[in-house]
Amino acid sequence: MSEILVLNGPNLNRLGSREPLIYGSGTYEELVEYCKDVGEAVGRTIEVRQTNSEAEMIEWLHEAADLETPVVLNPAAWGHYSYALRDACALLTAPLVEVHISNIHAREDFRHTSVISPVARGVIAGLGVEGYADAIQAVVRFVAQAETK
Ligand code: DQA
């Protein structure tokens, strides 16, 4: 099991070709490598996953809850309406940081709400894929803080 799970929701496997003006031209594979490099730089093992199945995502969150694994989550569109995903996130005991590549607050009205944010330790939006690095670093900091208590 990895030390930090980076979980990505629907359509994020299409990064690179999907609305590049909004999400950039980097591919999902490049995002995976980027997150692993960030993990290496901070001395943590990062596992990056993506699914278009809400059930699979919920199973992964249950796994993270059982193993007390910290999570960086880009819930993608589910974040705007999935109470099932929110309830699964609420099971987590290790830190959860929500990340969105785009600034969801500057986009369509339906994107302004995140049902995940109230159960996340922190939220990053609009910083591009670099937001994943900030989220990973924040998780590492939260875990270190918890260990010194
Ligand atoms: C997203 C924003 C969501 O509104 C959208 O549905 C996504 C990606 C982001 O990373 O900016 O799929 O989570």
Side-chain angles (χ1 to χ4, degrees), residues 1-42 44-65 67 69-143:
M1 184 59 183
S2 59
E3 286 181 79
I4 300 172
L5 267 181
V6 176
L7 302 180
N8 293 285
N11 303 307
L12 290 166
N13 55 323
R14 293 297 175 122
L15 285 176
S17 58
R18 177 190 182 199
E19 299 183 272
L21 291 179
I22 295 174
Y23 299 112
S25 53
T27 63
Y28 174 71
E29 289 69 26
E30 286 166 344
L31 172 68
V32 173
E33 284 315 305
Y34 179 64
C35 290
K36 288 185 176 170
D37 288 350
V38 172
E40 222 164 89
V42 296
R44 306 281 164 155
T45 309
I46 309 273
E47 191 176 336
V48 189
R49 302 180 191 171
Q50 187 279 332
T51 184
N52 296 317
S53 155
E54 192 176 359
E56 185 168 40
M57 178 63 85
I58 289 169
E59 295 296 341
W60 289 346
L61 289 164
H62 290 178
E63 177 190 329
L67 298 174
T69 308
V71 173
V72 169
L73 172 66
N74 186 341
W78 290 327
H80 305 308
Y81 64 87
S82 172
Y83 297 122
L85 204 62
R86 176 205 166 106
D87 286 350
C89 288
L91 294 171
L92 299 171
T93 50
L96 165 70
V97 175
E98 176 186 359
V99 59
H100 297 276
I101 296 166
S102 65
N103 180 358
I104 54 175
H105 304 288
R107 299 182 61 196
E108 302 96 318
D109 286 353
F110 76 89
R111 295 185 204 274
H112 296 180
T113 301
S114 165
V115 299
I116 306 298
S117 298
V119 294
R121 177 81 180 266
V123 183
I124 292 169
L127 303 186
V129 292
E130 288 81 2
Y132 283 77
D134 298 319
I136 291 166
Q137 282 158 6
V139 160
V140 169
R141 206 164 55 241
F142 292 147
V143 169

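Both counts, for ligands and for their atoms, begin at 1 and track the order of listing.
Within 6.0 Å of CZ on Phe110 lie more than 12 heavy atoms contributed by other residues, nucleotides or ligands. For CZ of Arg18, the number of neighbouring non-hydrogen atoms (other residues, nucleotides, ligands) closer than 6.0 Å is greater than 12.
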In a simple table, one pair per line, please give the protein and ligand 1 atom names for every N or O pair closer than 3.5 Å, along with the distance.
residue, atom, partner, partner atom, Å
ligand 1, 4 (O), His80, NE2, 2.6
ligand 1, 4 (O), Arg111, NH1, 2.8
ligand 1, 6 (O), Ala77, N, 3.2
ligand 1, 6 (O), Arg111, NH1, 3.1
ligand 1, 10 (O), Asn74, ND2, 2.9
ligand 1, 10 (O), Ile101, N, 2.7
ligand 1, 11 (O), Ile101, N, 3.2
ligand 1, 11 (O), Ser102, N, 2.8
ligand 1, 11 (O), Ser102, OG, 2.6
ligand 1, 12 (O), Arg18, NH1, 3.1
ligand 1, 12 (O), Arg18, NH2, 3.0
ligand 1, 13 (O), Asn74, OD1, 2.9
ligand 1, 13 (O), His100, ND1, 2.8

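Between the Glu47 side chain and the Ile4 main chain, no donor and acceptor come within less than 3.5 Å of each other.
Between Val139 and Arg44 there is no side-chain heavy-atom pair separated by less than 4.5 Å.
Here CE of Met57 is found 5.0 Å from CG of Leu7. Values are rounded to the nearest 0.5 Å.
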Show me the donor-acceptor pairs within less than 3.5 Å that the side chains of residues 115-134 make with the rest of the protein, sequence neighbours left out.
residue, atom, partner, partner atom, Å
Ser117, OG, Glu98, OE1, 2.7
Ser117, OG, Ser114, OG, 3.1
Tyr132, OH, Asn8, OD1, 2.6
Tyr132, OH, Asn74, ND2, 3.1

